[in-house]
Protein chains: 2
Amino acid sequence: MATSNKQKQGDTWQEKYQEYLLHNGLKSTVQRDLIANEFYRLKGHITAEDLHANIRKKHSSIGLATVYRTLKILASAGIAHERRFNDGFTRYEFFDPEDRHHDHIVCISCGKVEEFENDEIEELQKSVAKRYKFTMLDHKLEIYGRCNNCSTKAKNG
Amino acid sequence: MATSNKQKQGDTWQEKYQEYLLHNGLKSTVQRDLIANEFYRLKGHITAEDLHANIRKKHSSIGLATVYRTLKILASAGIAHERRFNDGFTRYEFFDPEDRHHDHIVCISCGKVEEFENDEIEELQKSVAKRYKFTMLDHKLEIYGRCNNCSTKAKNG
DNA sequence: AAGCTTATTGACAATGGCTATCAATTGAAA
DNA sequence: TTTCAATTGATAGCCATTGTCAATAAGCTT
Ligand SMILES: [Mn+2]
Ligand SMILES: [Mn+2]
Ligand SMILES: [Zn+2]
Ligand SMILES: [Zn+2]
């Protein structure tokens, strides 16, 4: 076949999405596809409600429940990652298999979220898990603080 | 005075508690004091409901809302620390000013929570915050996995 | 010790993010 | 097309936590 020699780097998220639907007896629907595409288009760390609000602008009949449902599917398919910071919302971010693992630094004042990678921390975590005889499956590292902008604002007016 | 030359190491949590109440127009009540003492006695990472259940054994009339309220006060007073792992409950743990900061490694199978300290990770976090020009106020590091016991169980039975 | 003022309590209602339910609709296989 | 399971939007329900409120208790002040 034309694509099989391309060491699977050509797998787009859309292909992954369709494959997941197929293998799980799920259907491609106009709402589902729309939500998935809009999710991809918007980027960032988005809540179901934010995404729903955005979609509503063009497609006012799509229900919030369907957005929740679709985000869960995308997460199960490995296309989205669930994130829970400390604001009571579940957020989703698009996951590209090319991307490396990253953690987050969050501004508690304006909500800005920056991403960072730190191999040393990752390694140290592994050693901690080992020391406590835990099989590490996941981890969560979040730094909370005030971004440069918000720190400056606080100092002045 | 008899205590003033003791570089404040003699401050018990009870003193801190009473002081906090005083300075904030709050009252010492039998329920409040009971909840605070039971919280101290039980240790661990406890939920409001767990604590309430324990107290109910001896004092069946104490309301759950009062337990919630008291835990919030203890947190504000710096006597308890709030923790949110990924099980949907807010947990509280007693905080001793003598203790150093620690993070957590959590078994997703049996719920066991171990505590660890790692200065290298702490330092690396500071450097990340600095790189992103964030004023770090807090951070959360949790390792999720399976404890030795639960890993073994999974392999066999 | 009694009165006074304000905080506190327990019961219960309400909140809010999210999920379950259900009748109507749609996708896709035949 | 027909068929039939999957999907949808609306809405009810869930559940940890918080708000409300009338009754009560703390901690002054006399
Ligand atoms: Mn991210
Ligand atoms: Mn702890
Ligand atoms: Zn900010
Ligand atoms: Zn375990």
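Just so it is clear, the values below take in all heavy atoms, side chains as well, and ignore hydrogens, waters and symmetry mates. In the text below, chain A, chain B and the rest are named by the order of the sequence lines, each starting its count at 1.
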Inset, instruction - List in chain and number order the residues that pass side chain to side chain contact (heavy atoms under 4.5 Å, CB included) with Lys130(B), two or more places apart in sequence or in another chain; answer none if no residue qualifies. - result: none
Legend entry - Rounded interatomic separation in angstrom, taking NE2 from His52(B) and C1' from dT18(D): 15 Å
Inset, instruction - Using heavy atoms to find the nearest nucleotide of DNA chain D for Ile73(A) and Arg56(A) separately, return the residue whose nucleotide is more 5′. - result: Ile73(A)
Inset, instruction - Identify, with sequence neighbours excluded, every residue that meets ring pair (Phe, Tyr, Trp, His ring centres under 6.0 Å) alongside His139(A). - result: His101(A)
Legend entry - Sequence-distant partners of Ile73(B), side chain to side chain contact (heavy atoms under 4.5 Å, CB included), two or more places apart: Tyr20(B), Leu21(B), Leu26(B), Arg32(B)
Inset, instruction - Whole angstrom is fine here: how far is it from CG in Leu21(B) over to C1' in dC28(D)? - result: 16 Å
Inset, instruction - Kindly write out the residues that satisfy side chain to side chain donor-acceptor pair (under 3.5 Å) with Asp96(A), not counting sequence neighbours, or none if the list is empty. - result: none
Inset, instruction - For Glu120(B), enumerate each residue passing the side chain to side chain donor-acceptor pair (under 3.5 Å) test, keeping only those at least two apart in sequence or located in another chain. - result: none
Inset, instruction - Would you tell me whether His102(B) and Glu117(B) have side-chain atoms, one donor and one acceptor, within less than 3.5 Å of each other? - result: no
Inset, instruction - Classify every nucleotide of nucleotides 12-30 of chain C by which part a protein heavy atom approaches to under 4.0 Å, writing B for the base, S for the sugar-phosphate alone and - for neither, in 5'-to-3' order. - result: -----SBB-B-----BS--
Inset, instruction - Among residues two or more places apart or on two chains, list those pairs meeting ring-ring contact (aromatic ring centres under 6.0 Å, His included) that have a residue in residues 111-137 of chain B. - result: none
Legend entry - Spacing between His59(B) atom NE2 and dT9(C) atom C1', to the nearest angstrom: 16 Å
Legend entry - Pairing string, 5' to 3', for DNA chain D - Watson-Crick or wobble contacts under 3.5 Å, brackets [ ] where pairs cross, | to another strand: ||||||||||||||||||||||||||||||
Legend entry - Under the ring pair (Phe, Tyr, Trp, His ring centres under 6.0 Å) test, residues paired with His81(B) that sit two or more places apart: Phe95(B)
